[in-house]
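From a predicted model like this one, the values you see are computed outputs, not experimental measurements. Note that ligands are numbered from 1 as they come in the structure, with each ligand's atoms numbered from 1 the same way.
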Amino acid sequence: MRLLAPVAALLAVHGASAQLHQLAVAAGKMYFGSATDNGELNDAAYVRILTDPNEFGQTTPGNGQKWQYTQPSRGSFSYSSGDQIANFAKTNNMILRCHTLVWHSQLPSWVSSGSWTKEQLTSIIETHIANVAGHYRGQCYAWDVVNEALNEDGTFRTSVFYTVLGESFIPIAFKAAAAADPDAKLYYNDYNIENTGAKQAATLRIIGSIKQAGGRIDGVGMQAHLIVGSTPSQRNLEAAMNSYVAAGASEVTYTELDIRFSSLPPTAAGLRTQADDYATVTRACLAVDACIGITIWDFTDKYSWIPNTFPGQGAALLYDENFSKKPAWTAVSTVLAAAATGGPGPSTTLTTVTTTTTTGAPAPTCTAAKWGQCGGDGWTGCTIA
Ligand SMILES: *[C@@H]1O[C@H](CO)[C@@H](O)[C@H](O)[C@H]1NC(C)=O
């Protein structure tokens, strides 16, 4: 492990209160980051934490680069929402992960409801990617080129893309992204692929099919929308990551990590379990060289997408709604600090009390506009926009 002198000094003074990005870098990772969204950037207390260069070194726009914002009607491109986050990242020296080019959700109806030939839809995908990835060329460390193409059983999800083009829409998208932004790392991104199983096996086949078609894929983004008390084991998390590397991904990363409570409010014991779960994911990333970093899907419960999509659930992030650091923050920073200083780290988790249930949410309606992101462990609701 590399030990940077300033971090060593800082740890000596502050112990585990040194901050997340700084510790992740000292532990050999590229970043610890947080997604954000346009409306939140008006909240001064929020922005103060997000822009602390020691705390977060990476960001992802939660919504503004999605198709519904970037090409709401055919041939009409708009980058104002996405540009605000990209410029924010630049101003604050944050690595930018760009999200996302081809996804069945938050897809305007002019695409999803059209009756296209293969040639027409191929051209629509290529045009969208040439414009959007071309617009952001040079600004994105990585692009989530294709998002959530799979069902839980590892079959392909029904979407206009799959219905018209079969699985060939995936290599078509990756080739278009490689042409539009040759320097961006190209990722396949999905949820419930953190663990081994049918969906992880199908992800391996996606990597293979892109390569077989002569395309380039650099990474697998594991969203990691997890549930307190049912986070996969460190061993399984590592096995999934190592499988992607063996299949030819040169890097992997947790792209949207949050670990939610199935019922609220959390108990003190529940908060400790959540801390253990965050520590497990952090340790897994540290244990796999190809895991370049961790992005949480926003950092405060105040702006989490969870309560809107999973009613009655939430409290999934490292800071509470009042910007106080939760036990999970301390757990992540402690694990990172141990790795940064080359120590073995806490050999056991903070506690193993589990008090939460893991039942799925009642199916919500599919009308949430701002937080219309579907998916995650236990998701039983809509799978189309
Ligand atoms: C945040 O502050 C409000 C107002 O003081 C309080 O009612 C609420 O319980 C606090 N939330 C948490 C998670 O502590």
Side-chain angles (χ1 to χ4, degrees), residues 14-21 23 32-52 54-56 59-60 62 223-231 254 256-282 294-337 349-362 364 368 370-371 373 376-379:
H14 296 290
S17 73
Q19 293 172 277
L20 303 178
H21 175 63
L23 290 169
F32 195 99
S34 170
T36 190
D37 213 343
N38 300 80
E40 303 151 27
L41 297 180
N42 298 319
D43 180 335
Y46 171 90
V47 169
R48 226 177 350 264
I49 297 171
L50 183 61
T51 58
D52 180 335
N54 291 325
E55 187 72 338
F56 297 114
T59 195
T60 307
Q223 293 184 6
H225 294 298
L226 305 174
I227 297 174
V228 172
S230 60
T231 293
Y254 292 106
E256 308 183 11
L257 175 62
D258 49 26
I259 309 181
R260 69 181 185 269
F261 287 91
S262 306
S263 60
L264 298 172
T267 62
L271 288 168
R272 289 194 297 274
T273 303
Q274 183 182 50
D276 289 346
D277 288 346
Y278 267 101
T280 297
V281 176
T282 305
I294 295 174
T295 305
I296 50 177
W297 204 240
D298 229 316
F299 67 86
T300 165
D301 294 336
K302 184 173 183 180
Y303 295 122
S304 174
W305 69 296
I306 296 286
N308 287 287
T309 304
F310 298 93
Q313 305 188 42
L317 294 164
L318 298 184
Y319 286 76
D320 74 13
E321 66 200 9
N322 300 320
F323 302 115
S324 293
K325 292 170 178 172
K326 293 158 69 176
W329 186 96
T330 306
V332 171
S333 84
T334 302
V335 169
L336 291 174
T349 52
L350 300 175
T351 174
T352 53
V353 178
T354 300
T355 57
T356 55
T357 60
T358 58
T359 52
K370 184 180 176 194
W371 302 106
Q373 308 148 16
D377 198 1
W379 172 250

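For ligand 1, the protein residues placed under 4.0 Å by at least one non-hydrogen atom are Asp320, Glu321, Asn322.
Minimum interatomic distance between Ala18 and Trp329 (heavy atoms only, all atoms of both residues): O-CH2, 3.6 Å.
Judged by distance alone, with hydrogens and angles left aside, the side-chain atoms of Thr59 form a donor-acceptor pair with the main-chain N or O of Ser34 at under 3.5 Å. One N or O on the side chain of Asp301 and one on the backbone of Ala316 form a donor-acceptor pair closer than 3.5 Å. In this structure a side-chain-to-backbone donor-acceptor pair under 3.5 Å is present from Thr334 to Thr330. Not one N or O on the side chain of Asp37 forms a donor-acceptor pair closer than 3.5 Å with the backbone of Gly39.
Remark: Phe299 pairs with Tyr46, Phe56, Tyr319 by the ring-ring contact (aromatic ring centres under 6.0 Å, His included) rule, at least two apart or across chains.
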